[in-house]
Amino acid sequence: MHNLKEIRKNFDGFKKGLKKRFVDIDFDKLEDLDKNNRELIQKKELLEKEKKDISKSKDKSLFAKSKDISENIERINEKQKLIQKSLDDILSNIPNIPHNDVPEGKNETDNIEINKSGTIRKFDFTPSSHYKIGEKLGMLDFDLATKTTGSRFVFVKNKLALLERALSNFMLDTHIKKNGYEEISPPLLASEATMFGTGQLPKFENDQFEVKLEEGTDRKFLIPTAEVILTNIVKDKIIDIKSLPMRFVASTPCFRKEAGSYGKDTKGMIRQHQFYKVEMVSIVEQDKCSDELERMTNCATGILDLLELPYRKMILCSGDMGFSAEKTYDIEVWLPSENRYREISSCSSCSTFQAFRMKARYKDQTKGTLYAGTLNGSGLAVGRTLIAILENYQEKDGTITIPKVLRPYMNNLEKISLN
RNA sequence: GGAGAGAUGGCUGAGCGGUUGAAAGCACCGGUCUUGAAAACCGGCAAAGGGGCAACUCUUUCCUGGGUUCGAAUCCCAGUCUCUCCGCCA
């Protein structure tokens, strides 16, 4: 969320920054409400002062007057709270302002490739899709998931289940031992406030799975990504600057409704309601965001390098970025069956956007109390990594060669085959 | 599920109707001392919001939301969370 105080200082700059996002915001209304709000606050404070003075004087003759003032304050307060609420409603639905580096563009077609890495394998047969391979091996079962649960779920079985687990462990180990992240095994449910903190609420409620609880109790949601719960570790906190940067990593299931993606990637496990993802989160001093984003992105691509999977790095255009992001790199892995790259990781700097929502701050010696910078990135999406391995490491006979770095995690198994 | 106890600043913790934004300690920052460091001593140190070019100033905030009162951290009600005991269950 944006700080109204900062917006006020440079309203035109604010408008201009958001123009890149192609969002429809009633700026005039925002400005009006703010002006109105401040007038009411001033009125209220004047009366409050008067009341306070009477109370301090303990002069009984003034008590009746004080009561009058109280009523007056109450009236103004009602009005002011209403305006404040409209103001908050508008503000909490405004996305982050794109960083200067971010190219202007409408949608994913305007994203820009930064570089490619790895070699694309030449097949002497037509490469099969991951779901065909998986089903033939009897280790991916979509029909069974439909029976027990519904669409967009999958049973991963046998050696592929082991591969999935191996991938999680391999990624976690790498980020923990090599990249300095602290391992976390977090709750998979998040409160409403937590979901607000990272920006999933209020605007994207439709994408979230909410858990049904007794009426009147606080709402809870299945996390759509560990980013939500890891980032909120610093919610409502004044962080000791010495503990920055903080880096967390977790492997968790993620739950998404995928509303509005009907007909998109209906086959296979590219787009599921539930999937495992290894997520990295960094909390940094606010001026360190850009450096940390590069570092984090390298942590993500490092995994692909080790797995020897070909990929490319994209910078997202303004129109394709997530709500809370100021700058995002997508890492796309090569999928032979589709003959194209598909997203396998997304690393974003959210500048102070989430920190302001969460009230996550630290004290800087010269600059006072500052909002922290928050970053998140997949390192990597485990389900999609599984797909990439199935497709890139498939052999003509339907078997899968296991990448060398994963073998220690799979009892030194070298190949996945029917037997 | 039954019975209690509690929630105060970065942390620990006092206060339980009237300059209490809040004692004390720790942490942190500045200084004196020291060859340097430690210790000791002195000083500083909450956040959010409003006004002001600024110095500064005002308001709010002691879990959240209501209420009582001229006045609430302190009393009442509701909610959230934490802890202890009993029961139940991984």
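Each chain gets a letter, A, B and so on, in the order its sequence line appears, and its residues count up from 1. Only this structure's heavy atoms are used, side chains among them; waters, hydrogens and symmetry mates stay out.
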Subject >> Pair A/S349-A/E326, side-chain donor/acceptor within less than 3.5 Å >> reply: yes
Original post:
If we call it a pair only when both distances are under 3.5 Å in a Watson-Crick or G-U wobble match, what pairs with B/rC70?
Top reply: B/rG18
Original post:
Under 3.5 Å, is there a donor-acceptor pair between the side chain of A/R21 and the main chain of A/P98?
Top reply: no
**OP:** Among B/rG51, B/rG71, B/rC81, find the nucleotide with the atom closest to the side chain of A/K51.
**Re:** B/rG71
Original post:
Between A/K359 (NZ) and B/rA47 (P), how many Å, whole number?
Top reply: 14 Å
**OP:** Can you spot which of A/E292, A/R295, A/K288 makes a side-chain hydrogen bond (donor to acceptor under 3.5 Å, both in side chains) with A/S282?
**Re:** A/E292
Original post:
Considering only B/rC81, B/rU69, B/rG50, which nucleotide approaches the side chain of A/K67 most closely?
Top reply: B/rU69
Subject >> Rounded distance in Å between the C1' positions of B/rG13 and B/rG87 >> reply: 35 Å
**OP:** Report the base-pairing partner of B/rA54 (Watson-Crick or G-U wobble, both distances below 3.5 angstrom), or none.
**Re:** none
Quick one: which protein N/O atoms are closer than 3.5 Å to N/O atoms of nucleotides 64-68 of chain B? Pair and distance per line, please.
unit_1, atom_1, unit_2, atom_2, d
B/rG66, OP1, A/K81, NZ, 2.9

Original post:
What interatomic distance, in whole Å, is found between C1' of B/rA55 and the corresponding atom of B/rG66?
Top reply: 41 Å
Original post:
Does B/rU80 have a Watson-Crick or wobble partner in any strand here, with both distances under 3.5 angstrom, and which is it?
Top reply: B/rA7
Subject >> Selected nucleotide, minimal atom distance to A/Y371 side chain, candidates B/rC70, B/rC28, B/rA48 >> reply: B/rA48
Original post:
Hey, would you say the A/F248 and A/Y181 ring centroids sit under 6.0 Å apart?
Top reply: no
**OP:** If B/rC62 has a Watson-Crick or G-U wobble mate with both distances under 3.5 Å, name it; if not, just say none.
**Re:** none
Report, one pair per line, the protein and nucleotides 18-24 of chain B atoms (nitrogen or oxygen only) whose separation is under 3.5 Å.
unit_1, atom_1, unit_2, atom_2, d
B/rG18, N2, A/S55, O, 3.1

Original post:
Taking N and O atoms by type only, does the side chain of A/E45 place a donor or acceptor under 3.5 Å from a partner on the base of B/rG51?
Top reply: no
Original post:
A/N111 and A/D320: side chain to side chain donor-acceptor pair (under 3.5 Å), yes or no, with the steps?
Top reply: CA-CA 8 Å; A/N111 296 342; A/D320 199 31; 3.0 Å; yes
**OP:** Take atom C1' in B/rU74 and the same atom in B/rC88, then report the distance between them in whole Å.
**Re:** 39 Å
**OP:** For the pair A/E192 and A/R219, find out whether any cationic side-chain nitrogen is under 4.0 Å from an anionic carboxylate oxygen.
**Re:** yes
Subject >> Residue matched to B/rA40 through Watson-Crick or wobble contacts both under 3.5 angstrom >> reply: B/rU32
**OP:** Establish, with yes or no, whether the OP1 or OP2 oxygen of B/rC70 is under 4.0 angstrom from a side-chain nitrogen or oxygen of A/S61.
**Re:** no
Original post:
Between A/R38 and B/rU59, does any side-chain N or O lie under 4.0 Å from OP1 or OP2?
Top reply: no
Subject >> Whichever of A/D53 and A/D240 has its nearest RNA chain B nucleotide further upstream toward 5' >> reply: A/D240
Original post:
Side chains of A/S378 and A/K277: do they bring a donor and an acceptor to under 3.5 Å?
Top reply: no
Subject >> Below 4.0 Å: OP1/OP2 of B/rG49 and any side-chain N or O of A/K5 >> reply: yes
Original post:
Which whole-number value in Å describes the distance from A/N3 CG to B/rA48 P?
Top reply: 9 Å
**OP:** Check A/H2 against A/I7 and note the closest heavy-atom contact, atom names and distance.
**Re:** CB-CD1, 3.7 Å
**OP:** Could you say whether A/I238 or A/K44 is positioned toward the 5' end of RNA chain B, judged by the nucleotide with the nearest heavy atom to each?
**Re:** A/I238
**OP:** Answer yes when A/K257 and A/E205 have at least one side-chain N-carboxylate O distance shorter than 4.0 Å, and no when they do not.
**Re:** no
Subject >> Side-chain N,O (A/R361) to OP1/OP2 (B/rA47) below 4.0 Å >> reply: no
Original post:
Donor-acceptor pair, A/N392 side chain versus A/A388 backbone, under 3.5 Å?
Top reply: yes
**OP:** Searching all strands shown, indicate the nucleotide that pairs with B/rG1 (Watson-Crick or G-U wobble; both distances under 3.5 Å).
**Re:** B/rC86
Original post:
What about A/F353 and A/F323, are their ring centers closer than 6.0 Å?
Top reply: yes
**OP:** Could you tell me whether the phosphate oxygens of B/rU59, OP1 or OP2, come under 4.0 Å of any side-chain nitrogen or oxygen in A/K43?
**Re:** no
